[in-house]
Amino acid sequence: MIHAPPMSKSEAIGHMTVAVLATVIGVGIVTGVTVLFQSRGEPLGQLVAAERACGAHEYVSDLQKCMSAWLAAQQETQVAHR
């Protein structure tokens with residue numbers, strides 16, 4: 001049975017450094033994507049509600065116009081409610 005030579009201290013530190021760096025980069029990417037999804041456009045729940053309310057439209061352009069109007073009406077309601 002052949003044993004691998006033991007890892008030196010400098011190799012272990014290098015591996016740990018790379019692992020920590022990869023973790024930081026991964027968490028940064030996930031955080032960035034999450035922030036972008038939350039900061040851009042309408043919340044997903046409102047978009048789904050608008051799509052359900054305008055489901056009778058056959059053409060995409062009509063659906064988008066209806067959804068825009070529905071979302072605008074919802075925002076007016078929210079502003080008036082405050």
Side-chain angles (χ1 to χ4, degrees):
M1 190 158 132
I2 302 173
H3 294 285
M7 190 182 308
S8 68
K9 189 174 183 179
S10 63
E11 278 186 359
I13 291 174
H15 287 280
M16 289 299 293
T17 304
V18 169
V20 169
L21 184 62
T23 302
V24 168
I25 290 171
V27 169
I29 289 172
V30 169
T31 303
V33 169
T34 302
V35 167
L36 282 175
F37 273 122
Q38 290 180 349
S39 68
R40 309 257 176 173
E42 298 296 324
L44 189 58
Q46 288 183 353
L47 292 175
V48 170
E51 190 170 351
R52 286 184 182 168
C54 299
H57 297 281
E58 294 180 15
Y59 298 107
V60 174
S61 59
D62 292 341
L63 177 66
Q64 289 175 344
K65 288 177 188 174
C66 177
M67 287 177 63
S68 295
W70 192 88
L71 288 170
Q74 289 297 91
Q75 287 179 350
E76 289 174 5
T77 304
Q78 290 175 356
V79 170
H81 184 10
R82 290 182 188 176

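The figures here come from the full heavy-atom set of this structure, side chains too, leaving out hydrogens, waters and symmetry mates.
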Original post:
Do V35 and V27 share a hydrophobic cluster, counting only Ile, Leu, Val, Met, Phe, Trp and Tyr and linking them when any side-chain heavy atoms are less than 4.5 Å apart?
Top reply: no

Subject >> Distance (rounded to the nearest 0.5 Å) between E51 CD and H57 NE2 >> reply: 11.5 Å

Subject >> Interatomic distance, I29 atom CD1 to T34 atom OG1 [nearest 0.5 angstrom] >> reply: 11.5 Å

Original post:
How long is the span from the SG atom in C54 to the CD atom in Q64, to the nearest 0.5 Å?
Top reply: 11.0 Å

Original post:
Just how far is it from atom CE of M16 to atom CD of E11, taken to the nearest 0.5 Å?
Top reply: 14.5 Å

